[in-house]
Amino acid sequence: MTDKPIVLLEQAKKSFGDAIVLKDISLSVSQGEVVGIIGPSGGGKSTLLRCMTLLETLDSGRLAYGDLIVAENDAAGRAAYASKAVQREAKMRFGLVFQNFNLFPHYTVLKNITDAPLHVQKRPKDEVFEHARALLGKMGLAGTEDKVPCELSGGMQQRVAIARALCLNPEVLFFDEPTSALDPELTKDVLNVIRDLAAEHMTMVIVTHEMSFARDVADRVIFMDGGVIVEEGTAADLINNPRHERTRAFLANYE
Ligand code: ADP
Ligand code: MG
């Protein structure tokens, strides 16, 4: 791990109508770091990831991918976004894996994985197909390339979604509760794939309800509640020795 931030979010604020969902959140993710985000439902975890991945806009704050400044406050203190071209470039630097896989149902596995590398990144066909097949092998999905998503289990579909994100060569991968829609026996395969990526020092931000997984895999764990980071620390510290009452009360549900 190095100190070079891959993604930096500063003083992020976001409201939906009267509801303040993110209240002054700052988060920096270093190269090779695995950050786990835990916390009760409605705490703002998905909104945080959606703001970091440009699916939502910040009301105020600063967002940068390396030297690319995506959003920065203007004189009035409102987040002003960079040009579409800069945003497109920033979007090439991360991958995103959702709870519900979000594969294209009518595309084969191979087409799901190779579509964006071929048509958005405009990489050579041979290289992209080779990369995609290597990723399928690594995810334990060899032989599935001509299937369509509904022919696969949820756990396999989620591993296709991870392969699809990885085939874009992202600098950082974001996961929003990647196993919440899966049965326990399918969850394990998906978590093991993410564990392998962590062992290879893939930079990742993972929202999860799997506490033992977060403790094992994350270098740093953040507990979010009510739109704020209540506390953060090493995985062992935060999960085994939470300092705040809100964190303790939340973790008590998982004992
Ligand atoms: P979490 O992922 O921690 O469960 P979310 O970020 O999904 O939390 O939601 C935080 C709060 O923001 C919730 O009260 C939710 O209802 C609200 N919220 C999220 N997205 C929207 C939206 N697009 N419009 C209105 N309210 C939203
Ligand atoms: Mg959520």
Side-chain angles (χ1 to χ4, degrees), residues 7-29 34-63 70-71 78-79 81 87 91 94-103 154-155 157-158 161-162 164-165 170 172-184 186-187 190-191 194 204-215 217-218 220-233 235 238-239 242 244-254:
V7 53
L8 178 67
L9 181 72
E10 289 178 318
Q11 297 183 305
K13 295 193 178 78
K14 175 73 180 176
S15 297
F16 291 110
D18 293 337
I20 307 174
V21 174
L22 300 181
K23 303 172 186 167
D24 201 4
I25 298 260
S26 295
L27 173 61
S28 165
V29 183
V34 179
V35 177
I37 302 178
I38 61 171
S41 174
K45 303 179 301 296
S46 293
T47 304
L48 173 65
L49 285 202
R50 291 175 60 80
C51 286
M52 293 181 85
T53 55
L54 287 79
L55 292 171
E56 290 284 359
T57 53
L58 294 166
D59 296 336
S60 71
R62 186 167 189 273
L63 174 65
V70 176
R78 308 274 312 165
Y81 276 76
Q87 291 188 41
K91 285 178 183 168
F94 60 78
L96 181 55
V97 177
F98 300 91
Q99 180 176 334
N100 290 314
F101 330 136
N102 292 34
L103 298 173
Q157 289 186 50
Q158 190 60 302
I162 296 171
R164 178 175 62 175
V172 51
L173 268 188
F174 293 92
F175 293 87
D176 194 355
E177 299 192 19
T179 60
S180 293
L182 300 176
D183 295 335
L186 302 178
T187 293
V190 171
L191 295 183
I194 301 173
M204 295 187 280
V205 178
I206 309 169
V207 174
T208 184
H209 286 291
E210 300 284 341
M211 292 306 138
S212 60
F213 169 72
R215 186 175 46 214
V217 167
R220 179 156 56 108
V221 175
I222 288 172
F223 173 67
M224 245 186 109
D225 187 13
V228 299
I229 293 177
V230 176
E231 70 177 286
E232 62 178 289
L238 188 131
I239 294 178
H244 288 255
E245 186 47 46
R246 276 153 90 185
T247 319
R248 274 189 218 120
F250 172 75
L251 289 169
N253 298 322
Y254 291 89

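Below, each value reflects all heavy atoms present in this structure, side chains not excepted, and no hydrogens, waters or symmetry copies. Index from 1, following the sequence. Just so you know, ligand 1 is whichever comes first in the structure, and atom 1 is the first atom listed for that ligand.
For the side chain to side chain contact (heavy atoms under 4.5 Å, CB included) test with Ile25, the passing option among Gln11, Glu10, Met224 is Met224; the others fail.
For ligand 1 and Gly43, the ligand atoms under 4.0 Å from any heavy atom of the residue are 1 (P), 3 (O), 8 (O).
Atom CG of Leu186 is surrounded by more than 12 heavy atoms from other residues, nucleotides or ligands within 6.0 Å. More than 12 heavy atoms of other residues, nucleotides or ligands sit less than 6.0 Å from atom CZ of Arg248.
Atom CD1 of Ile37 is separated from atom CZ of Phe175 by 12.5 Å, given to the nearest 0.5 angstrom. Going from atom OG1 of Thr208 over to atom CZ of Phe213 covers 6.0 Å, rounded to the nearest 0.5 Å.
Between Gly44 and ligand 1, at least one N/O pair is under 3.5 Å apart. Residue Phe16 has no nitrogen or oxygen atom sitting less than 3.5 Å from a nitrogen or oxygen atom of ligand 1, judged on distance alone.
Here Thr47 does not reach the Mg ion (ligand 2): none of its N/O/S atoms is less than 2.8 Å from the metal.
Residue, atom and distance of the protein heavy atom nearest to atom 7 (O) of ligand 1 are Ser46 CB, 3.6 Å. For atom 12 (O) of ligand 1, the nearest protein heavy atom (residue, atom name, distance) is Val21 CG2, 3.2 Å.
Tyr254 places no side-chain N or O within 3.5 Å of a backbone atom of Ser212 that could act as its donor or acceptor partner. Between the side chain of Lys91 and the backbone N or O of Thr53 there is no donor-acceptor pair closer than 3.5 Å.
The backbone and the side chain of Thr47 each have at least one atom closer than 4.0 Å to an atom of ligand 1 (non-hydrogen atoms only).
Put simply, part of Ser41 is less than 4.0 Å from ligand 1, judged by heavy atoms.
When Ala19, Gly227, Gly42, Pro40 are ranked by how near their heavy atoms come to atom 10 (C) of ligand 1, first place goes to Gly42.
Contact annotation for atom 15 (C) of ligand 1: protein absent (non-hydrogen atoms, distance under 4.0 Å).
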